[in-house]
Amino acid sequence: MIRLLLLVVAALQVSHGFSPSILALPRTRLAPLRAADDGSGDAESSAATTATSLEEKMKSWEASDEEIRAATLGGVVPGTSIGGGGERTDAFDVGLYIAFPFMVISCLAFVFFPLLVGNIDVTSVGPPPTS
């Protein structure tokens with residue numbers, strides 16, 4: 001009875017852990033920015049200057065191509081073409097490149113296991129228990 005109660009409590013805790021919490025959602029409200037329009041073109045030019053400086057800042061934050069290639073596995077970067085071709089490589093392709101050798105080796109082991117099972121020495125193991 002206690003085990004059943006513990007099982008039910010654990011199931012409720014696990015199901016509650018994966019449900020989205022309403023209290024965890026942010027409740028902030030963002031108001032749109034409004035520039036003071038006094039009829040002069042001064043506000044427009046300062047907004048354009050701010051936008052260009054922001055773009056320059058964002059470009060300085062981005063990593064260069066050499067930094068991206070140095071930080072990746074084998075230089076395969078998602079979203080770029082391999083060998084200068086027209087196709088782009090995404091994360092799915094990179095995952096397949098990594099998983100392909102494991103898939104081929106496991107498939108070959110599955111196919112050739114019936115041929116290899118006769119070579120396995122099982123004489124020292126003995127018969128299985130009957131009772």
Side-chain angles (χ1 to χ4, degrees):
M1 183 65 179
I2 293 176
R3 288 184 183 173
L4 179 64
L5 183 62
L6 287 175
L7 181 67
V8 170
V9 170
L12 289 175
Q13 288 290 344
V14 169
S15 65
H16 179 70
F18 290 109
S19 65
S21 176
I22 295 174
L23 298 176
L25 297 175
R27 295 180 183 241
T28 59
R29 188 173 197 184
L30 299 175
L33 294 175
R34 294 188 181 125
D37 190 15
D38 57 355
S40 66
D42 211 15
E44 293 173 2
S45 64
S46 66
T49 308
T50 305
T52 56
S53 65
L54 179 62
E55 289 175 6
E56 291 171 1
K57 262 189 190 178
M58 290 174 63
K59 285 181 184 177
S60 70
W61 295 336
E62 293 179 7
S64 66
D65 291 337
E66 293 82 22
E67 292 172 337
I68 292 173
R69 286 202 173 89
T72 59
L73 179 65
V76 179
V77 181
T80 60
S81 60
I82 296 177
E87 282 192 47
R88 295 173 58 94
T89 304
D90 57 358
F92 180 75
D93 293 333
V94 173
L96 283 180
Y97 295 150
I98 294 169
F100 181 74
F102 297 107
M103 292 188 313
V104 170
I105 290 171
S106 62
C107 181
L108 290 175
F110 180 77
V111 168
F112 290 112
F113 184 75
L115 301 174
L116 299 174
V117 78
N119 297 335
I120 298 173
D121 183 23
V122 292
T123 57
S124 64
V125 176
T130 56
S131 59

Enquirer: Do Met103 and Leu108 belong together in a cluster built from hydrophobic side chains that touch within less than 4.5 Å?
Expert: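 Yes, because Met103 and Leu108 connect within a single hydrophobic cluster, where side-chain heavy atoms sit under 4.5 Å apart.
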Enquirer: Test of understanding: with side-chain contact (heavy atoms from CB on, under 4.5 Å), list the residues that count as partners of Phe113, not counting sequence neighbours.
Expert: Val117, Ile120
Enquirer: Nearest 0.5 Å, please: how far is CD in Glu62 from NZ in Lys59?
Expert: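 Here the interatomic distance stands at 8.5 Å.
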Enquirer: What closest approach, in Å, do Ala63 and Glu67 show between heavy atoms, and which atom pair accounts for it?
Expert: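 In this case the closest contact between Ala63 and Glu67 is CA-OE1, 3.2 Å.
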